[in-house]
Protein chains: 2
Amino acid sequence: MNIGEAARRSGVSAKMIRHYETQGLVTPQRLVNGYRDYAEADLAVLRFIRHARALAFPLEDVRKLLALWRDRNRASADVRQIALAHVAALESKAQAMQAMAASLRHLAAHCHGDARPDCPILDELEKSP
Amino acid sequence: MNIGEAARRSGVSAKMIRHYETQGLVTPQRLVNGYRDYAEADLAVLRFIRHARALAFPLEDVRKLLALWRDRNRASADVRQIALAHVAALESKAQAMQAMAASLRHLAAHCHGDARPDCPILDELEKSP
DNA sequence: CCTTGACCTTCCCATTATGGGAATCCCTAT
DNA sequence: ATAGGGATTCCCATAATGGGAAGGTCAAGG
């Protein structure tokens, strides 16, 4: 099947499918006319990538996960290790963001939010250190 | 003062100071030899930017906040509106990440994590839809 | 036989913020 | 003079995604 149908059936845009190919994640056949030709197995790979990306795995991780997926002799420990490292990264970023949000929310709560110019948010940003 | 000292005293790298200049956020004088020359007011701006970036405000927001900061007739409502919109963005991203983390954590909890190949994490990524 | 439309191909550009590194210039102290 | 430490500009790279151009391919239909 051509890239358009592969995109429709995998839920991955044609643009991204080509990109994943440059990254070595999918390797479709080529027809004589130069068109990419996707097999069902390629579709499965594309869906795998989509699911992994939906969980925000970076492509580097996706590459490793794909390799493990294909490896019948993999150790589930390897998969789990990648997943848990990613979980840690996600949680750390999420926490950092929520800390920023909380601190800003606190400042905003003390801001009149009217026509007056004085504002604790700007006061905070203005501090010297 | 030259860019090196400005970097030291503001906590912003020389590289980023130059970048902020290309974005129109800081506009130091130039000496005859072409060197940038920072006044105390520029330092204050750089610190302001650093604080705003520490709260993950995108540069576009920083630009607006700087304008309001300089405007003696600003309405604190405008500042607050920018801040709260950013808070909403932060919280939404943080929530999305935590949802992903939670779902992955759940999958990982059901993964043996040993030498066996079967793994619910891969099973999930492999699903058809 | 040729046109039209829907595909496909590759290539370039942009996004956001940050940094690395090269080539070149400037100034000061030896 | 020359060596060292800064400074300047310019290019490149990051991660993932998309926009868009220029041109090739193919099937249907006049």
Side-chain angles (χ1 to χ4, degrees), chain A residues 1-39 42 45-46 48-66 82 85-86 89-90 93 96-97 100, chain B residues 1-38 42 45-66 85-86 89-90 92-93 96-97 100:
Chain A
M1 87 196 72
N2 64 23
I3 201 173
E5 191 181 344
R8 248 172 283 122
R9 293 188 50 198
S10 68
V12 177
S13 75
K15 210 85 191 204
M16 289 316 297
I17 293 179
R18 293 195 192 94
H19 178 59
Y20 295 150
E21 183 176 344
T22 72
Q23 303 305 301
L25 302 184
V26 230
T27 52
Q29 296 294 307
R30 291 284 181 143
L31 299 176
V32 277
N33 61 17
Y35 284 21
R36 291 171 177 81
D37 186 30
Y38 296 87
D42 295 317
V45 169
L46 290 174
F48 185 100
I49 297 174
R50 178 164 61 81
H51 295 318
R53 288 292 305 141
L55 289 169
F57 277 106
L59 286 195
E60 250 328 284
D61 283 7
V62 177
R63 183 195 317 283
K64 293 173 197 157
L65 291 170
L66 268 175
I82 293 173
H86 180 51
L90 282 174
K93 279 185 206 165
M97 286 197 220
M100 296 185 235
Chain B
M1 90 196 69
N2 63 22
I3 201 173
E5 191 179 345
R8 248 171 283 120
R9 291 187 51 197
S10 67
V12 178
S13 75
K15 208 87 191 202
M16 289 315 298
I17 294 179
R18 293 195 192 94
H19 178 59
Y20 295 150
E21 183 176 343
T22 72
Q23 303 305 300
L25 303 184
V26 232
T27 53
Q29 297 294 307
R30 291 285 181 143
L31 300 176
V32 278
N33 61 15
Y35 283 22
R36 291 171 178 80
D37 187 30
Y38 296 87
D42 296 318
V45 169
L46 290 174
R47 291 200 190 99
F48 184 100
I49 297 173
R50 179 164 60 81
H51 295 318
R53 287 293 304 140
L55 289 170
F57 278 107
L59 285 195
E60 249 329 284
D61 283 6
V62 177
R63 182 195 315 283
K64 293 173 197 155
L65 291 170
L66 269 173
H86 180 51
L90 282 174
S92 135
K93 279 185 205 167
M97 287 198 220
M100 297 184 233

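Every chain is numbered from 1 and lettered A, B, ... according to where its sequence line falls, protein lines coming before strand lines.
- Within the 4.0 Å cut-off from OP1 or OP2 of C/dT10, at least one side-chain nitrogen or oxygen of A/Arg30 is found.
- Close to D/dG6, at under 4.0 Å from its OP1 or OP2, lies no side-chain N or O of B/Arg36.
- For B/Met16 and C/dA17, the CE to C1' distance is 5 Å, given to the nearest whole Å.
- The separation between B/His19 atom NE2 and C/dT15 atom P is 11 Å, rounded to whole Å.
- Spacing between atom CD1 of A/Ile17 and atom P of C/dC8 amounts to 10 Å, rounded to whole angstrom units.
- For B/Tyr38 and D/dA7, the OH to C1' distance is 10 Å, given to the nearest whole Å.
- In this structure, A/Arg18 reaches the bases: a heavy-atom distance under 4.0 Å links it to at least one base atom across the strands shown.
- At D/dT17, none of the side-chain N or O atoms of A/Ser13 fall inside 4.0 Å of OP1 or OP2 (strictly under the cut-off).
- Between the OH atom of B/Tyr20 and the P atom of C/dG19 there is a distance of 8 Å, rounded to whole Å.
- Rounding to whole angstrom units, OH of residue B/Tyr35 and C1' of C/dT28 are separated by 11 Å.
- Taking only side-chain nitrogens and oxygens, B/Asn2 comes nearer than 4.0 Å to OP1 or OP2 of D/dA7.
- Spacing between atom CG of B/Asn33 and atom C1' of D/dG5 amounts to 14 Å, rounded to whole angstrom units.
- Here C/dA17 presents its C1' atom at 14 Å from NZ of A/Lys93, a figure rounded to the nearest Å.
- The phosphate of C/dT18 (OP1 or OP2) has a side-chain N or O of B/Arg53 nearer than 4.0 angstrom.
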